Amino acid sequence: MGGTGSSTHEGFTAEERAAMKEHAQELRTAARRGSRAEKAAQAEQDVLAKIAGMGDSDRVMAERVHAVVTATAPDLAPKLWYGMPAYARDGKVVCFFQSAEKFKSRYATLGFNDAARLDEGSMWATAFALTEVSPEVEARIAALVAQAAR
């Protein structure tokens with residue numbers, strides 16, 4: 001293939017590399033834990049600690065998202081996923097919260113993986129930008145999580 005030799009692609013960003021390293025550490029830590037109950041309890045503590053370490057705006061939104069997800073779908077297990085709070089069924093991440101500061105984004109994101117099965121026709125959203133979590137937004141999150149947890 002011909003090219004101009006002035007490619008701007010340099011691989012993963014520093015933030016992406018850091019997220020991959022966090023994920024590798026998460027996997028190593030989970031493998032060292034004891035019983036299933038201990039793993040679940042520690043995974044939730046890890047999520048809460050990650051949320052507590054976020055900047056003010058992201059922390060407030062992540063706390064609300066965590067409360068809505070755990071109340072709406074208590075069967076989804078909180079866990080860290082690439083350094084982000086996530087909620088899984090049978091080990092597969094269904095949804096996650098990505099803080100704005102994590103990848104130096106303009107807004108935080110509530111994302112859903114294919115395990116969520118939010119299928120709606122031939123095209124549907126799998127990520128939603130969050131700038132605040134109002135009561136209306138909480139209701140929308142609850143509806144999406146309820147659909148995803150089915």
Side-chain angles (χ1 to χ4, degrees), residues 10-121 123-150:
E10 297 180 20
F12 295 108
T13 66
E15 293 81 12
E16 291 168 331
R17 285 191 301 277
M20 288 185 280
K21 286 179 182 177
E22 279 185 279
H23 185 58
Q25 181 60 41
E26 292 159 9
L27 294 173
R28 285 190 295 273
T29 300
R32 288 192 296 264
R33 291 189 176 137
S35 72
R36 179 176 285 171
E38 286 176 346
K39 288 180 181 184
Q42 189 58 52
E44 181 156 19
Q45 288 305 311
D46 292 346
V47 167
L48 294 173
K50 181 59 80 170
I51 290 170
M54 292 179 183
D56 290 341
S57 176
D58 285 342
R59 182 181 34 75
V60 169
M61 288 189 290
E63 287 170 348
R64 293 307 314 138
V65 167
H66 179 77
V68 170
V69 172
T70 55
T72 304
D75 57 315
L76 294 181
K79 66 183 272 179
L80 287 179
W81 183 64
Y82 291 96
M84 296 176 282
Y87 306 87
R89 179 187 324 117
D90 299 327
K92 294 185 180 190
V93 171
V94 173
C95 61
F96 60 91
F97 177 85
Q98 178 180 303
S99 71
E101 67 186 338
K102 178 129 183 107
F103 293 106
K104 298 179 181 161
S105 300
R106 193 178 84 181
Y107 45 77
T109 305
L110 175 65
F112 292 86
N113 286 341
D114 59 342
R117 295 178 295 230
L118 294 180
D119 307 29
E120 188 177 296
M123 184 175 142
W124 56 90
T126 59
F128 298 86
L130 295 172
T131 56
E132 70 173 309
V133 180
S134 65
E136 295 81 19
V137 171
E138 284 186 16
R140 179 71 173 129
I141 292 169
L144 288 166
V145 169
Q147 181 181 352
R150 282 191 262 165

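Throughout, residue positions are numbered sequentially from 1 according to the sequence presented. Treat the numbers as computed from the prediction; the structure is a model and nothing was measured.
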Check: [Y] and [X] side chains under 4.5 Å, non-hydrogen atoms:
| X | Y | answer |
| --- | --- | --- |
| His23 | Leu27 | yes |
| Arg150 | Arg117 | no |
| Ile141 | Phe128 | no |

Nearest heavy-atom pair of [X] and [Y]: which atoms, and what distance?
| X | Y | value |
| --- | --- | --- |
| Ala73 | Ala149 | CB-CB, 3.6 Å |
| Arg106 | Ala100 | C-CB, 4.4 Å |
| Trp81 | Ala86 | CB-CB, 3.6 Å |
| Ala62 | Met54 | CB-SD, 3.7 Å |
| Met61 | Glu132 | SD-N, 3.5 Å |
| Lys79 | Ala88 | CD-CB, 3.7 Å |

field: With Pro85, the side-chain contact (heavy atoms from CB on, under 4.5 Å) member among Leu48, Val65, Val47
entry: Val47
message: Checking side-chain contact (heavy atoms from CB on, under 4.5 Å) between Val137 and each of Leu110, Thr131, Leu130, which is the one that passes?
response: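 Answer to the side-chain contact (heavy atoms from CB on, under 4.5 Å) test with Val137 among Leu110, Thr131, Leu130: Leu130.
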message: Checking Phe112 now: which residues fulfil ring-ring contact (aromatic ring centres under 6.0 Å, His included) with it, not counting sequence neighbours?
response: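 Phe112 satisfies ring-ring contact (aromatic ring centres under 6.0 Å, His included) with no other residue.
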message: Among residues at least two apart in sequence or on other chains, which ones pass ring-ring contact (aromatic ring centres under 6.0 Å, His included) with Phe97?
response: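 ring-ring contact (aromatic ring centres under 6.0 Å, His included) list for Phe97, sorted by chain: empty.
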- prompt: What pairs of residues pass the ring pair (Phe, Tyr, Trp, His ring centres under 6.0 Å) test when at least one of them lies in residues 51-72, not counting sequence neighbours?
  reply: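 Ring pair (Phe, Tyr, Trp, His ring centres under 6.0 Å) check on residues 51-72 returns His66-Tyr87.
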task: Write out all pairs satisfying ring pair (Phe, Tyr, Trp, His ring centres under 6.0 Å) with one or both partners inside residues 37-59, taking only residues at least two apart or from two chains.
output: none
For the [atom1] atom of [X] and the [atom2] atom of [Y], what is their distance to the nearest 0.5 Å?
| X | Y | atom1 | atom2 | value |
| --- | --- | --- | --- | --- |
| Lys102 | Thr109 | NZ | OG1 | 12.5 Å |
| Asp119 | Thr126 | CG | OG1 | 10.5 Å |
| Lys50 | Glu22 | NZ | CD | 4.0 Å |

task: Taking Glu101 for its side chain and Asp58 for its backbone only, find out whether a donor-acceptor pair lies under 3.5 Å.
output: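 Side chain of Glu101 to backbone of Asp58: no pair is present.
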- prompt: Using 4.0 Å as the upper bound for N to carboxylate O, is an ion pair formed by Arg140 and Glu136?
  reply: no
message: Taking salt bridge (Lys or Arg N to Asp or Glu O under 4.0 Å) as the cut-off, I'd like each qualifying pair that reaches into residues 80-100, sequence neighbours left out, listed once.
response: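 Counting only pairs at least two positions apart or across chains, no salt bridge (Lys or Arg N to Asp or Glu O under 4.0 Å) contact touches residues 80-100.
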statement: Sorted by chain and number, sequence neighbours left out, side-chain contact (heavy atoms from CB on, under 4.5 Å) with Ala142 holds for Val68, Thr72
